[in-house]
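Comments concern the structure below.
First the proteins, then the strands, lettered A, B, ... as listed; each starts at 1.
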Amino acid sequence: MAPLKFEEKIKEKLEQRAIEPTVGSWKRLEAQLDKQPHARKGYKTIWYSIAAVFVGIMILAFMFRGQNSVSGNKDTQFVDVTNEIQEKDNLEIVLENDTQEQEVKEKHQDRLVDKTKKDIILRSNTKKDIVVHNNDPISEDDTSKNQINTSIAAKVKDTFKFSPPKQEIAKTIVKEGELPISADIVEDKVASVVAQIQELKNNNEEVTEEEIDVLLRNAQREITSQEIFKSNTVNASALLQEVENEVDETFKQRVFEALKTSFQKVKTAVAEREN
Amino acid sequence: MKVIQFYKSEAQLIKKAAKQHRDAQQQLYTKYSPKMLSVCRQYIRDVHFAEEAMMSGFLKVFMNIKNFKSEGSFEGWIRRIMVNESISFLRKEKQIFFTEEMTSYKEESWNNINSDLEVEQIQELIDSLPEGYKMVFVLYAVEGYKHSEIAKMFEISESTSKSQLFKARKMLQQKLNKQNKISNGAIEI
């Protein structure tokens, strides 16, 4: 018998053989299979988690976008409203000032004319009279001065009234945007401006509108800067307010220029009428 | 009482087993486990260890069943896994030795060898071979592996594989002749 034949016989017999595994071997195998992480299920969970993360990111992105668009709209509305309101306020204030100033200036003009008349009459009188009459014009001048001063003070107060409407608007729009301009500071400034005008009057006899305007602007700036320094914290809305004031400066200047020209016209008209 | 669904074709059974259906896996196990335990037993002398290797082999089968391409037979695929598992089991146990010593064998005839051996007797003869001889003999003569494949499997040279087979055959011939002489009543002096 050849070795190959013998091997074939062995192969045949071994292939036909079957050995039954022990009872419960399947249960053991099943338990081992249950312990194993199934690759298919694993992939599924990975894909599900990736999909969930993607969906979550998409939702967040949409929400964020929505918020941005809403806030953007609000911002634009905010800016538009403030500009409109501020412009309207300025116009109203200017109109008020215009009428007040015109009235004051007309009175002042009348008084100046009266004063020159009295001065001429008084010069022709005796020394005593002169002394007496010199006192009169002074007293008269004082009263007129006082009146002028009160009118200037009123004007100063009016100019300082520029800010309150803005503050009110700022209060309504910006919750914490209140400008803390205290009454004491304003009063002090009014007094100092009036004193300065008085001083100028004493020195130059006449105070021009330009000089008054310059004084008022300076006083306004000082008040706002003092308030900022007093608060120790940089208030964003206060800074914004200051910038807005600066921006409105040109508008104010134009209005004051218009007032000045009208005053000159009235002045010349009155002088011509007298002549 | 557990109801087990029986699938008609093996392909269907394999598909279901790939989807981790336990009943399909159980049917495949019931069908192939006796044969596969026999395969493992060819290499591993202890039947309990052989069963352990078989269980480990089936675990790999069911975990990788989706990779099975229906080009070859499913039985052949499982059989290869079982052979690999048995060899790795023996490697873990460090039971495989490939001896290079050339002992002189007497040239004996295969003609008087009794081929009507029972399968248990055949298994006993195979078990009596040294591990190296046994591995190469079973892989080459029973499983049909080539020397190149065996050499790659055990990281040995092809000539070593060939010499191991030659020695295994010689040893088996000697043992079979000895058995014949005993069964015929001849006394060896």
Side-chain angles (χ1 to χ4, degrees), chain A residues 1-70, chain B residues 18-20 22 25-26 29-30 32-42 47-48 50-52 54-64 66-67 79 109-123 125-126 137-138 140-144 165-166 168-170 172-173 176:
Chain A
M1 192 180 176
L4 287 172
K5 248 192 174 178
F6 174 73
E7 281 168 21
E8 272 175 21
K9 283 261 178 188
I10 289 173
K11 189 182 175 179
E12 209 176 280
K13 286 200 173 175
L14 284 171
E15 276 181 352
Q16 281 172 358
R17 183 178 68 171
I19 305 166
E20 281 296 320
T22 53
V23 184
S25 64
W26 165 248
K27 288 279 171 197
R28 277 187 286 149
L29 183 64
E30 200 177 16
Q32 281 183 333
L33 282 165
D34 288 337
K35 279 180 193 172
Q36 295 292 320
H38 300 300
R40 220 176 118 262
K41 280 182 182 175
Y43 283 126
K44 253 188 182 178
T45 47
I46 288 162
W47 280 113
Y48 279 134
S49 58
I50 288 165
V53 165
F54 183 72
V55 167
I57 288 164
M58 290 291 281
I59 288 163
L60 281 170
F62 274 116
M63 281 170 71
F64 192 67
R65 248 191 167 182
Q67 275 183 348
N68 272 354
S69 64
V70 168
Chain B
K19 288 175 183 174
Q20 304 299 322
R22 288 282 179 270
Q25 287 174 343
Q26 192 180 354
Y29 179 79
T30 314
Y32 291 109
S33 61
K35 275 188 183 178
M36 296 309 138
L37 185 56
S38 169
V39 170
C40 294
R41 176 67 188 84
Q42 288 166 24
V47 74
H48 297 291
E51 193 179 277
E52 217 173 273
M54 182 201 70
M55 297 272 278
S56 167
F58 266 107
L59 193 68
K60 281 190 178 171
V61 164
F62 293 133
M63 292 307 293
N64 298 288
K66 62 181 179 295
N67 299 328
R79 203 180 178 99
S109 169
W110 288 84
N111 291 332
N112 52 355
I113 288 172
N114 182 17
S115 61
D116 295 327
L117 288 168
E118 290 297 314
V119 72
E120 275 76 29
Q121 287 175 308
I122 293 166
Q123 187 63 59
L125 274 171
I126 291 166
F137 179 78
V138 173
Y140 186 88
V142 181
E143 299 296 336
L165 179 68
F166 175 76
R169 275 176 180 162
K170 283 285 172 197
L172 279 171
Q173 194 183 17
L176 283 166

Select, from Arg28(A), Glu12(A), Gln16(A), Glu15(A), the one with the greatest count of heavy-atom pairs under 4.5 Å involving chain B.
Arg28(A)

Examine whether an atom of Met54(B) lies under 4.5 Å from a heavy atom of chain A, and if so say whether it belongs to the side chain, the backbone or both; otherwise answer neither.
side chain

Heavy-atom closest pair, residues Lys11(A) and Val142(B)
CE-O, 3.0 Å

Give me the atom names and distance for the closest heavy-atom approach of Leu33(A) to Met63(B).
CD2-SD, 4.2 Å

If you measure from CD on Glu30(A) to CD on Gln26(B), what distance do you get to the nearest 0.5 Å?
6.5 Å

Leu14(A) and Ser38(B): which non-hydrogen atoms are nearest, and at how many Å?
O-OG, 3.5 Å

Roughly how far, to the nearest 0.5 Å, is CD1 of Ile10(A) from CD1 of Ile126(B)?
5.5 Å

Side chain Gln32(A), main chain Leu59(B), donor-acceptor under 3.5 Å:
no

Under a 4.5 Å heavy-atom cut-off, does chain A meet the side chain of Val138(B), its backbone, both or neither?
neither

Tyr140(B) OH: over 12 foreign heavy atoms closer than 6.0 Å
no

Determine whether the side chains of Thr22(A) and Glu51(B) contain a donor N or O and an acceptor N or O closer than 3.5 Å.
yes

Spatial distance of atom CZ (Arg17(A)) from atom CD (Gln123(B)) [nearest 0.5 Å]
4.0 Å

Distance check, rounded to the nearest 0.5 Å: Phe6(A) atom CZ versus Leu176(B) atom CG?
4.0 Å

Minimal heavy-atom distance between Ser25(A) and Met55(B), with the atoms involved, is O-CE, 3.1 Å

Where is the tightest heavy-atom contact between Trp26(A) and Arg22(B), given as atom of each residue plus distance?
CZ2-O, 3.5 Å

Which atoms of Glu143(B) approach chain A - backbone, side chain, both or neither, heavy atom under 4.5 Å
neither

